[in-house]
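The analysis underlying the following values was restricted to heavy atoms, covering all of them including side chains, and did not include hydrogens, waters or symmetry mates. Each ligand, and each atom within it, is numbered from 1 in the order the structure gives.
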Amino acid sequence: MTFNDFNFNEGLAEGVRSMGYKTPTAIQQQAIPVIMQGKDVIACAQTGTGKTASYLLPVLNNIHHTDQTQISTLILGPTRELVQQIDQQVEGLAYFAGISSLAVFGGGDGIAYEQQRKGILNKVDILIATPGRLISFLTSGALKLDHLQYFVLDEADRMLDMGFYSDIMKIITYLPKKRQTLLFSATMPPKIRTLARSILHEPEQINIAISQPAQGILQQIYKVHDEQKTPLIATLLKSGQFASSIIFASTKEKVKALTKDLKAAGLNVDAFHSDIEQREREEILLHFKNRQLPVIIGTDALSRGIDVEGIDLVINYDVPGDPEDYIHRIGRTARAATTGTAITLVNERDQRRLANIQQLIDKQIEEVSLPPELGEAPKFKPHSNTRNKGRRPTGQNRNKGKKPNRPKPSGTK
Ligand code: AMP
């Protein structure tokens with residue numbers, strides 16, 4: 001199958017070519033024809049699968065024919081980073097089709113709010129928003145969505161995890177009843193099904209091999225003592241094998257400490273977490289994208305939606321507690337059919353977490369020996385994973401206990 005099979009209009013086809021897309025990904029092959037037929041869709045697909053273009057392309061193709069002077073499309077996403085990235089993909093794909101878009105999100109100052117408000121007045125075709133900021137524009141009367149045709153919820157599970165359920169339901173009350181609604185989610189816990197039942201009309205369901213990391217990722221673990229983690233990471237980064245790397249740690253404190261230690265070891269690294277001002281975060285991401293910064297260190301706030309091509313190494317400083325976060329983290333490498341390496345450092349306490357991940361991905365991750373100069377690796381007691389026998393692999397348990405590292409909802413009131 002090629003993109004020609006979709007018969008996109010010429011402007012959009014040119015946009016697809018200019019983005020360098022040659023073959024539609026699995027989710028694109030399934031979702032694009034269904035969305036082009038005007039059906040509601042509930043799709044289970046993770047970042048890295050090409051899911052953004054799978055809803056953007058059919059919507060962009062249809063918008064072209066309607067010659068809208070009002071906002072025709074609303075895309076909701078959980079974080080400002082995701083919203084900005086969707087906007088960038090729209091800009092790339094829609095460039096030759098002359099379709100306009102605007103991203104609005106919380107945080108920032110009064111000037112940012114005013115700029116976004118003015119942007120809305122200019123009547124864009126596609127509005128991409130975080131829920132909180134959108135609601136403030138809707139309730140203040142600055143924004144009307146009476147002519148909306150397409151409503152997309154991206155990373156719906158993440159939005160619910162972040163407490164946006166009532167915001168989403170409130171937003172729905174501002175939308176016309178007759179519209180096409182597309183819901184994308186990395187996981188399908190029951191609360192997503194409930195949401196889908198209340199906002200979608202006879203949706204077509206699309207499932208893309210849920211919760212499996214991309215094939216091109218080489219996954220490895222090192223068993224380590226805590227004090228061996230930083231020297232091991234420094235050794236890996238200094239090996240010269242990896243041009244662009246992301247390191248994940250579970251807390252801001254660990255991110256800060258690791259950043260300090262690696263800088264002290266002479267490495268060019270920077271930290272990315274919610275204590276850093278938005279402007280600075282954007283600058284760090286920009287430096288990372290344009291390869292001035294080879295290594296970025298962050299919490300799970302980085303693991304969703306950060307759309308940077310050519311990342312060849314992901315390191316997990318610690319093992320994420322939710323196995324699905326592991327998949328999101330390592331999905332930052334090997335995007336859309338390239339290859340990459342994902343290395344996870346496992347101490348004795350994290351063994352059970354590793355077992356849960358291996359159960360979810362249904363595979364034993366290859367163990368690599370520590371370089372001898374870093375000393376002896378720990379010998380773990382044999383581990384049994386009886387607690388999780390029979391656990392459903394799709395994250396039904398993921399909301400037990402509050403997660404410490406979620407990004408703050410932007411723009412919530
Ligand atoms: P997503 O899953 O939407 O986060 O997309 C992951 C990355 O794949 C983004 O950088 C897209 O620009 C890229 N991408 C999407 N579709 C394709 C395709 N058909 N071929 C190559 N790259 C793609």
Of all residues at least two apart in sequence or in a different chain, which pass the side chain to side chain contact (heavy atoms under 4.5 Å, CB included) check with Arg117?
Tyr113, Glu114, Leu121, Phe137, Ala142
Check ligand 1 against [X] and write out every atom of the ligand that is under 4.0 Å from a heavy-atom position of the residue.
| X | value |
| --- | --- |
| Thr52 | 1 (P), 3 (O), 4 (O) |
| Thr23 | 18 (C), 19 (N), 20 (N) |
| Phe3 | 19 (N) |

When the aromatic ring centroids of Phe184 and Tyr55 are compared, is their separation below 6.0 Å?
yes
Using distance alone, decide if ligand 1 has a nitrogen or oxygen within less than 3.5 Å of any nitrogen or oxygen in Gly50.
yes
Min N/O separation Lys22 to ligand 1 under 3.5 Å
no
Main-chain N/O of His201 paired to Asp40 side chain as donor or acceptor, under 3.5 Å
yes
Worked verdict on Arg349 versus Asp226 for salt bridge (Lys or Arg N to Asp or Glu O under 4.0 Å)
CA-CA 10 Å; Arg349 289 183 311 283; Asp226 283 340; 3.2 Å; yes
With sequence neighbours left out, what residues match Tyr21 under ring pair (Phe, Tyr, Trp, His ring centres under 6.0 Å)?
none
